Amino acid sequence: MMAECDFYMNLYDDFIKTGNNEHDKILWKTYKILELMKLTNGKDTNGLVENGLRMIMLLFNNFNFNICDLNSIDLNETPPNIKEELQHILKTEFI
């Protein structure tokens with residue numbers, strides 16, 4: 001059985017590939033629900049089905065892509081001055 005963390009990472013990665021195409025998002029949602037049901041095979045002792053369905057529906061209903069999501073770059077390749085700006089923004093946002 002796939003680890004829960006791997007399932008969520010795969011879920012988000014595949015969702016990003018749909019872009020802003022509503023048809024692709026509908027297909028993604030249906031496929032991921034089926035994948036989740038097959039993954040747990042009716043034995044959900046850790047709440048993976050409930051949490052997985054919540055994540056799928058939250059992404060499907062509330063997430064709109066912006067250009068940063070679709071054309072992001074690796075943070076390791078970012079110049080040091082930009083990294084400092086990002087760190088400052090993240091600190092003010094989450095502290």
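These numbers come from a predicted model, not from an experiment.
Using a 4.5 Å heavy-atom threshold, the side chains of Leu36 and Met55 count as separate. In this structure the side chain of Lys25 reaches within 4.5 angstrom of the side chain of Phe15, judged on heavy atoms.
Summarising the geometry of Thr18 relative to Trp28, their closest heavy-atom pair is CG2-CB, 3.6 Å, with the distance given to 0.1 Å.
Annotation: the span from Leu27 atom CG to Glu22 atom CD amounts to 11.5 Å, rounded to 0.5 Å. Put simply, NZ on Lys38 and CD1 on Ile33 are 13.0 Å apart, with the number rounded to the nearest 0.5 Å. Of the inter-residue distances, the one linking Asn81 atom CG with Leu86 atom CG reads 10.0 Å to the nearest 0.5 angstrom.
Hydrophobic clustering, with ILVMFWY side chains joined whenever heavy atoms are under 4.5 angstrom apart, groups Leu11 together with Ile26. Hydrophobic clustering, with ILVMFWY side chains joined whenever heavy atoms are under 4.5 angstrom apart, keeps Tyr31 apart from Phe60. A chain of hydrophobic side-chain contacts below 4.5 Å, direct or via other Ile, Leu, Val, Met, Phe, Trp or Tyr residues, connects Met37 to Leu59. The same ILVMFWY cluster, assembled from side-chain heavy atoms under 4.5 Å apart, contains both Ile16 and Tyr8. When the side chains of ILVMFWY residues are joined at heavy-atom separations under 4.5 Å, either directly or via intervening members, Tyr12 and Val49 end up in a single hydrophobic cluster.
For residues 47-57, the salt bridge (charged side-chain N to carboxylate O under 4.0 Å, His left out) pairs, not counting sequence neighbours, are Glu50-Arg54.
Looking only at distances, no side-chain donor or acceptor of Asn10 sits under 3.5 Å from a matching main-chain atom of Asp6.
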Test side chain to side chain contact (heavy atoms under 4.5 Å, CB included) applied to Glu35 and Phe7, step by step: CA-CA 9 Å; Glu35 183 180 313; Phe7 172 76; 3.9 Å; yes

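In this structure His88 satisfies the side-chain contact (heavy atoms from CB on, under 4.5 Å) test together with Thr92, sequence neighbours excluded. Annotation: side-chain hydrogen bond (donor to acceptor under 3.5 Å, both in side chains) contacts of Asp14 (sequence neighbours excluded): Lys32.
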